[in-house]
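Order of listing sets the numbers, starting from 1, for every ligand and every atom in it.
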Amino acid sequence: MQTTSAIQTDALTRAYATFIAVDKLTLSVAQGEIFGFLGHNGAGKTTTISMLTTLLLPTSGSAQVLGLDVVKQNLAVRQQVGYVPEQVRLYNDLTVEENLGYFAALSGVTNIPQRIQEVMTLLGHPEWRERRVGGLSKGMRQRIGIAQALLHQPSVLFLDEPSSGLDPEGKREIRELIGLLNREFGITIFMNTHELSEVTKICTSIGIMNHGHLVMADSLANVMAHFPDAASLEDVYLHYNEQQKAVVPA
Ligand code: ATP
């Protein structure tokens, strides 16, 4: 029996005027994966997520999320995906509960009090409900951002730099939450990240972008097996970046 990929792209391309930010990206992420999308600043990772979450139209090529076309079936895709941007968008003057209630209503969630209760329980901090968001730490805001993205019960969760700027404890909490969502709820995770140590701890597969091109994609186990002498994922990552520098004109 053929299973539908969580994410499938075919020559997906996005240009900003004459600059091509994502160039003929062909990628497949199976359901249930925790996929780490790596690459230097400006490699095209956020642009890719923006297209996959229907926030940005591709210039050419195509992409499906759970078999749904991100352009032709964009509303259906939005019901299936959650997105946590690098800077989570929350109202500082509202409490956690008020924020979640507002965004739940925007997403068309019908059982709002129950869903807020469920996502707060998932976070493991139901006592945060009454806290004003403006007074929360970066790590707490990040987790509320994830809670917000889960309100409509998505099957695929996109995270842009979820651990960026967090202390080791904050990173561990985000990692544990991502693991829980994947393990207990079967949510496929697609995350942009520069945190290679987090990738080795949690990801099941990775892709590396370089100047808009996908230069490799494989399971983490395969990647590490192909580089027996690599002390860490950093060596693998740098290897692909160096290789690409040789073919991409400055
Ligand atoms: P980072 O790790 O720094 O977040 P990234 O891999 O997510 O980088 P993108 O944000 O996708 O990279 O950007 C890819 C390229 O497209 C960059 O060169 C960026 O400057 C350019 N770019 C992004 N958005 C726009 C825009 N709206 N207009 C013009 N150029 C853009």
Return a table of donor-acceptor pairs under 3.5 angstrom between the side chains of residues 163-171 and protein atoms on other chains or two or more places apart.
{"from": "Asp167", "atom 1": "OD1", "to": "Glu169", "atom 2": "N", "distance (Å)": "3.3"}
{"from": "Asp167", "atom 1": "OD1", "to": "Gly170", "atom 2": "N", "distance (Å)": "2.7"}
{"from": "Lys171", "atom 1": "NZ", "to": "Glu195", "atom 2": "OE1", "distance (Å)": "3.2"}

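Judged by distance alone, the side chain of Asn192 and the main-chain N or O of Glu161 form no donor-acceptor pair under 3.5 Å.
With sequence neighbours excluded, the residues satisfying salt bridge (Lys or Arg N to Asp or Glu O under 4.0 Å) with Arg115 are Glu118.
With no hydrogens or angles considered, a side-chain donor-acceptor pair links Ser205 and Glu33 at under 3.5 Å. Between the side chains of Gln117 and Arg129, at least one donor-acceptor pair of N or O atoms lies under 3.5 Å.
Near ligand 1, residues Tyr16, Phe19, Ala21, His40, Asn41, Gly42, Ala43, Gly44, Lys45, Thr46, Thr47, His194 each place a heavy atom inside the 4.0 Å sphere around the ligand atoms.
Counting only residues at least two apart or in different chains, ring-ring contact (aromatic ring centres under 6.0 Å, His included) contacts with residues 136-177 comprise Phe158-Phe190.
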